[in-house]
Visitor: 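Please find one structure pasted underneath; my questions will follow.
So you know, we letter chains A, B, ... as the sequences are listed, proteins then strands, and number each from 1.
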Number of protein chains: 2
Amino acid sequence: MPTDGRRVPAGAAVLREDITDAIRDAVFAELAEVGYGRLSIEAVARRAGVGKTAVYRRWSSKLDMVVDVVSTVAGERMDLPDMGSLRDDIEMILMIAGRALRHPLAWKVIPDLLAEAARNPGIAETLHRVLTANQRGMGSQVVARAVARGEIAAEVDPDLAIDLIVGPLYWRIAVSRNELPKADIQRLAVSAAAALGALPRA
Amino acid sequence: MPTDGRRVPAGAAVLREDITDAIRDAVFAELAEVGYGRLSIEAVARRAGVGKTAVYRRWSSKLDMVVDVVSTVAGERMDLPDMGSLRDDIEMILMIAGRALRHPLAWKVIPDLLAEAARNPGIAETLHRVLTANQRGMGSQVVARAVARGEIAAEVDPDLAIDLIVGPLYWRIAVSRNELPKADIQRLAVSAAAALGALPRA
DNA sequence: ATTCGTCGAGACGAGGCCGTATCAACGCGT
DNA sequence: ACGCGTTGATACGGCCTCGTCTCGACGAAT
């Protein structure tokens, strides 16, 4: 935890923030290039142009490092503007998530970490925390609005809603790795809205 | 009485099939345990209880080996019985896919290979071939039946249909890693059917 | 009975990474 | 000016893997 503790004993010298940032960038680049499994501290230090010392002084292990770096970058909460209808709210989510998933680094890093989470509890916990924070929030927000508008039934489970909205998008981008033109995003939004509307009568 | 057209030079001795099988099993086990990135030929041979020689005599590289093993196991085509309605066809797909994704090995191996595909063209090609063969087939099959029944419009894109059907399932099982009771599968089927029905009026 | 390819085992040099330690240089607060 | 902690660099022994090679043993066809 290199967050500024502000406690300087006597003769100064603090972990330099610019170096911490350089290491963070290098971690992401390495993560995208070789994945968590093959990621090595030496390669991160090399890429960041720093000594291994600088890395080990900040984190005690590869897991520590990755978890901290991922948490830092993914900590940004997001507020969703009310677009006026369920369909448009969903389209907004799809555009935001789609842009994030298309990011050249995220596109490689996210599936890699999700796969690693299947065998690494530390990664799994971090990812779960980050994902649920940003998504479950969006889910309940959108569902609550749609219920208030009378567009869907009140019993709709926000988690299931997220599955129906984000699932097809993730599948398309990260699994099929196909193109995703704007027309398809709109079609996905219409479909997801219909899917949510059909929900409670299961 | 040679079973097939085996061409044995002079003094016999063929690659033993039981050993090939043992190696294949070991590859899957290692793939699940450490992932493609960390997988090593030595570990595979060790786990299979064979010498490195036996492995190198069959495949020239790690990529060769994994591609061949994956292709072998995933080559099974599948014919989908007609369940009488779009909703029930979809539920059938979800149950089959859900069972496959819940397999203790597949559950770890599939996301891992999908992540690796983002940086390894050989893996990507293999996976794409295997996935599209088994899924696009199902997609067009189900869509064609639903169109014939008059349940959905004829312009529905089978690929988009697959996104809408499998996406939420994969997201739930492989990404969120939540439970998936049968009631949820049925709800997903209802929703997916509604999503498909809403499609053409985009 | 002989022959020949596969079998397990392991040796080999090369190379990467681990985590720790040591080094002089630098900058900052005192 | 002084002390102190960080800095990059480098070295260390240990471990693992690579891909090739050699060895004796086995088995199946000749």
Side-chain angles (χ1 to χ4, degrees), chain A residues 1-27 29-31 33-68 116 119-120 122, chain B residues 1-27 29-31 33-68 116 119-120 122:
Chain A
M1 304 301 190
T3 48
D4 50 342
R6 245 51 203 109
R7 197 74 196 96
V8 181
V14 186
L15 293 176
R16 275 168 52 186
E17 193 62 29
D18 58 328
I19 288 182
T20 305
D21 290 343
I23 297 176
R24 274 197 240 270
D25 291 348
V27 168
E30 282 292 313
L31 225 38
E33 198 163 308
V34 303
Y36 180 86
R38 278 200 181 297
L39 182 138
S40 74
I41 304 247
E42 297 223 7
V44 168
R46 214 180 304 135
R47 173 165 233 142
V50 307
K52 286 202 290 181
T53 324
V55 178
Y56 278 107
R57 200 174 287 118
R58 287 166 173 78
W59 303 281
S60 65
S61 70
K62 170 168 134 179
L63 179 60
D64 256 36
M65 180 178 68
V66 171
V67 162
D68 175 67
E116 185 63 25
R119 63 180 82 91
N120 188 326
Chain B
M1 194 173 14
T3 51
D4 50 0
R6 270 303 191 217
R7 195 76 195 89
V8 180
V14 185
L15 292 176
R16 275 169 51 187
E17 193 63 28
D18 59 326
I19 289 183
T20 304
D21 290 344
I23 297 177
R24 275 197 240 270
D25 290 349
V27 168
E30 283 291 314
L31 226 37
E33 198 163 308
V34 303
Y36 179 86
R38 278 201 182 294
L39 181 139
S40 75
I41 304 254
E42 297 223 8
V44 168
R46 213 180 304 135
R47 173 164 234 144
V50 306
K52 287 200 291 180
T53 324
V55 178
Y56 278 108
R57 201 174 286 119
R58 286 166 173 77
W59 302 281
S60 65
S61 69
K62 170 169 136 177
L63 178 60
D64 256 37
M65 179 178 69
V66 170
V67 163
D68 175 68
E116 185 63 25
R119 62 180 82 92
N120 189 325

Visitor: Is there a side-chain contact between A:Val44 and A:Met65, using heavy atoms and a 4.5 Å cut-off?
Guide: yes
Visitor: Do NZ/NE/NH1/NH2 and the carboxylate oxygens of A:Arg58 and A:Asp64 come within less than 4.0 Å?
Guide: no
Visitor: Restricting to non-hydrogen atoms, name the atom on B:Arg38 and the atom on A:Gly37 that form the minimum distance, rounded to 0.1 Å.
Guide: CZ-O, 2.9 Å
Visitor: Taking atom C1' of D:dT17 as reference, at what distance in whole Å does atom OH of B:Tyr36 sit?
Guide: 15 Å
Visitor: What's the CG-P distance between B:Asp21 and C:dC7, to the nearest Å?
Guide: 12 Å
Visitor: Name the closest nucleotide to the B:Glu42 side chain, picking from D:dG19, C:dG19, D:dT7.
Guide: D:dG19
Visitor: What is the distance, to the nearest angstrom, from the CZ atom on A:Arg38 to the P atom on D:dC16?
Guide: 17 Å
Visitor: In whole Å, what is the span from the CG atom of B:Asp18 to the P atom of C:dT6?
Guide: 14 Å
Visitor: What is the distance, to the nearest angstrom, from the CD1 atom on B:Ile19 to the C1' atom on D:dC26?
Guide: 11 Å
Visitor: Can B:Glu42 and B:Lys52 be counted as an ion pair, charged N to O under 4.0 angstrom?
Guide: yes
Visitor: Atom CZ of B:Arg16 and atom P of C:dC4: how far apart are they, to the nearest Å?
Guide: 21 Å
Visitor: Tell me which residues in residues 46-63 of chain B put a heavy atom below 4.0 Å from DNA chain D, sorted by number, or none.
Guide: B:Arg46, B:Lys52, B:Thr53, B:Tyr56
Visitor: Could you tell me which non-hydrogen atom of A:Ala45 sits nearest to which non-hydrogen atom of A:Val55, and how far apart they are?
Guide: CB-CG2, 4.1 Å
Visitor: Looking at side-chain heavy atoms only, is the closest gap between A:Arg24 and A:Asp68 below 4.5 Å?
Guide: yes
